[in-house]
Novice: 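The structure is given below, and queries will be raised subsequently.
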Amino acid sequence: MSKKHLLLAFTCFISLLSQSQNKTLLSTTNEPVSFATISFGNGNGLFADDEGKFHFTKKLYSDIDSLFISALGYKDLKLATATLKDTFFLESKADLLDEVIVIARPTGKYKEVTLKPTDHNDYYKCWLPTIESEIAVFFPNEDNKPKHLTKILLPIKTEAKDWKKRSKSKQAKRRFSTLFRVQFYENKNGFPGAVLTYEKVVFIATENTKPIFEFDVSGFDIFVPKDGIYVSIQVLGFTDKNGKLLPNKKYKEVKTRRGIVKVSTTFRPLLPFTDQIETKTTYVKRVFHNNGQWVLFDKQNITNSNLLNAGLNNYGMGLKMAVYKEQ
C-alpha cells in the first residue's frame, strides 16, 4: 500500500474512532435532549451538550460498567457500557410536561422591584463550583401579587482581589469560558419541587464577566408562585470559543500513597457566599449522589464545609421583577 493510501486509511480510522466515542441522546421524535445528566452510579458523571451529545470511552472511564441517564421531562434510561451504541432515544413523560405550572401573563400597571444581591471581594470565601453540585436560593412571595422575573443578579468572582497588583508583574490573566444552567422550582414543603419551565436557560461566564452578572430571563415567562420560588444555578462545564460544551471530565485522578484518588474538577468563576443574610435561604444537592436530594446548606446537613465553618450560609443571589397590581 502506498503512503498516500495508508495515510487516507489511517485518517478514516481516526474519524470512525472519534465518532464511536461521541454519543447522542434523542427524543422519540428525533429532537436532541439537551444537557441530560449521565451518571456513572459511583458518585461521578457528566452532561450532554445542547445537541444531546456527550463523550464517553472505556479508556477514559475504564471502571464504569453502567450509565444512568436522566433529563427533565423524560423517563430515566440505564445502559450497559459494554454494548453502547452511538445514539440513544429517551421517552418523554407526557404526564410531567402537563404538570408545568402555567400562569396567564398579567396586564396593566406594574413596578420594577429589585432584590439586591449580596457580594464581597474575598476570593477565599467563595464556593468552588463543580458539576456535581447545584445551588438553589429561595425567594418567598410575601404579598402574593403577580411577579414576573426579568433578571437574575449573580455575584461571581473571576480572580483574587489583589489581581491588579499581580497583573503589573506581567502575569497573564487566565482565560476561561464556563457554561451554567439556570432552573426554577416551585416550593414543595420547604424544598425545591417541580420545575417551572422545561426550556433551556443557560449562560456563559468568562474572565471578563462583571462581579454582578445580570442574566436576562424576561423571555421565559417565569412567575413567582404564591408559595415562593427557588432559583438555581449549576455548572455544566467549560466551553470552546464558540460556546460549545467541551467533553469535561468530572474528576481528575491524583496519585497518592494510598493509590489513585478521584478529585472533583473545579470551575471558575467562584461564587461568593455570605454571612450577611439572616435567614438560611440556600439549598444544595449533589446531582450524582444520594439520588440528587436537596438539603439546606447548614452544619446539620453538611459537616465538612469550610464555608459553613466560617459562618457563610448563603449565596447572595438577587432578582429583578415586574410586580403587577393584584388581579
Side-chain angles (χ1 to χ4, degrees), residues 35 37 43 45 47 72 115-120 122-140 149 151-158 178-188 190-197 201-205 209 211-215 217 222 228-238 248 250 264-277 279-319:
F35 309 123
T37 299
F47 295 102
L72 290 175
L115 303 179
K116 293 183 179 180
T118 304
D119 191 21
H120 60 69
D122 194 334
Y123 194 72
Y124 301 99
K125 293 182 178 179
C126 293
W127 179 286
L128 278 68
T130 66
I131 62 174
E132 67 177 356
S133 299
E134 184 176 354
I135 300 173
V137 178
F138 176 65
F139 296 92
L149 296 192
K151 288 185 178 181
I152 304 173
L153 310 178
L154 300 165
I156 64 171
K157 289 294 294 179
T158 58
T178 304
L179 183 67
F180 285 83
R181 170 167 52 190
V182 178
Q183 299 194 90
F184 307 91
Y185 302 94
E186 67 176 355
N187 180 6
K188 184 178 181 181
F191 291 90
V195 296
L196 299 178
T197 180
V201 188
V202 296
F203 68 89
I204 291 175
T209 300
I212 301 295
F213 176 57
E214 296 193 9
F215 180 43
V217 295
I222 303 297
I229 189 171
Y230 290 85
V231 183
S232 81
I233 61 173
Q234 179 183 24
V235 166
L236 296 178
F238 288 130
N248 299 284
K250 185 255 175 184
S264 294
T265 302
T266 57
F267 296 81
R268 292 193 301 153
L270 278 64
L271 307 178
F273 269 52
T274 180
D275 58 1
Q276 299 302 305
I277 302 173
T279 305
K280 295 176 181 178
T281 59
T282 300
Y283 294 72
V284 298
K285 73 174 179 180
R286 300 177 69 189
V287 296
F288 303 119
H289 293 260
N290 196 28
N291 294 320
Q293 297 296 313
W294 288 100
V295 297
L296 179 67
F297 188 65
D298 66 5
K299 285 188 174 181
Q300 292 183 356
N301 298 312
I302 302 169
T303 58
N304 58 348
S305 168
N306 291 332
L307 292 176
L308 288 174
N309 291 337
L312 305 166
N313 290 88
N314 288 302
Y315 175 50
M317 184 189 298
L319 295 179

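Throughout, residue positions are numbered sequentially from 1 according to the sequence presented.
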Novice: Please table the atom pairs, donor to acceptor, closer than 3.5 Å between any side-chain atom in residues 302-309 and protein atoms at least two apart or in another chain.
Specialist:
| from | atom 1 | to | atom 2 | distance (Å) |
| --- | --- | --- | --- | --- |
| Ser305 | OG | Leu307 | N | 3.2 |
| Ser305 | OG | Leu308 | N | 3.2 |
| Asn309 | ND2 | Ser305 | O | 3.2 |

Novice: Tell me, do Gln234 and Phe47 make a side-chain contact under 4.5 Å, heavy atoms counted?
Specialist: yes
Novice: Do you know the tightest heavy-atom contact between Gly316 and Ile277?
Specialist: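 Distance-wise, the nearest heavy atoms are CA-CD1, 4.1 Å.
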Novice: For residues Ile135 and Leu271, determine if any side-chain heavy atom of one lies less than 4.5 Å from a side-chain heavy atom of the other.
Specialist: yes
Novice: Would Phe180 and Phe215 count as a ring-ring contact (aromatic ring centres under 6.0 Å, His included) if you check the C-alpha gap in whole Å, the side-chain angles of each, and the deciding distance to 0.1 Å?
Specialist: CA-CA 11 Å; Phe180 285 83; Phe215 180 43; over 10 Å; no
Novice: Can you name the side chain to side chain contact (heavy atoms under 4.5 Å, CB included) partners of Asp119, sequence neighbours left out?
Specialist: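 Expected list: Pro155, Pro211, Ile212, Pro272.
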Novice: Would Phe203 and Phe213 count as a side-chain contact (heavy atoms from CB on, under 4.5 Å) if you check the C-alpha gap in whole Å, the side-chain angles of each, and the deciding distance to 0.1 Å?
Specialist: CA-CA 10 Å; Phe203 68 89; Phe213 176 57; 3.2 Å; yes
Novice: Which label fits Phe238 and Phe267: parallel for a plane angle under 30°, tilted from 30 to 60°, or perpendicular past 60°?
Specialist: tilted
Novice: Can you run down the salt bridge (charged side-chain N to carboxylate O under 4.0 Å, His left out) pairs that involve residues 289-314, sequence neighbours left out, and say none if there aren't any?
Specialist: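 Counting only pairs at least two positions apart or across chains, the salt bridge (charged side-chain N to carboxylate O under 4.0 Å, His left out) contacts touching residues 289-314 are Lys280-Asp298.
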Novice: Is Glu134 close to Gln183 at the side-chain level, that is, under 4.5 Å between some pair of heavy atoms?
Specialist: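 Yes, at least one pair of side-chain atoms sits under 4.5 Å.
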Novice: Pick out which of Thr279, Thr281, Thr274 makes a side chain to side chain donor-acceptor pair (under 3.5 Å) with Asn314.
Specialist: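 Result: among Thr279, Thr281, Thr274, Thr281 is the only option passing the side chain to side chain donor-acceptor pair (under 3.5 Å) with Asn314.
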Novice: Any chance the rings of Tyr185 and Trp294 have centres within less than 6.0 Å?
Specialist: yes
Novice: Would you say that Ile222 contacts Val217 through its side chain, given a criterion of any heavy-atom pair below 4.5 Å between the two side chains?
Specialist: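 Ile222 does not reach Val217 side chain to side chain.
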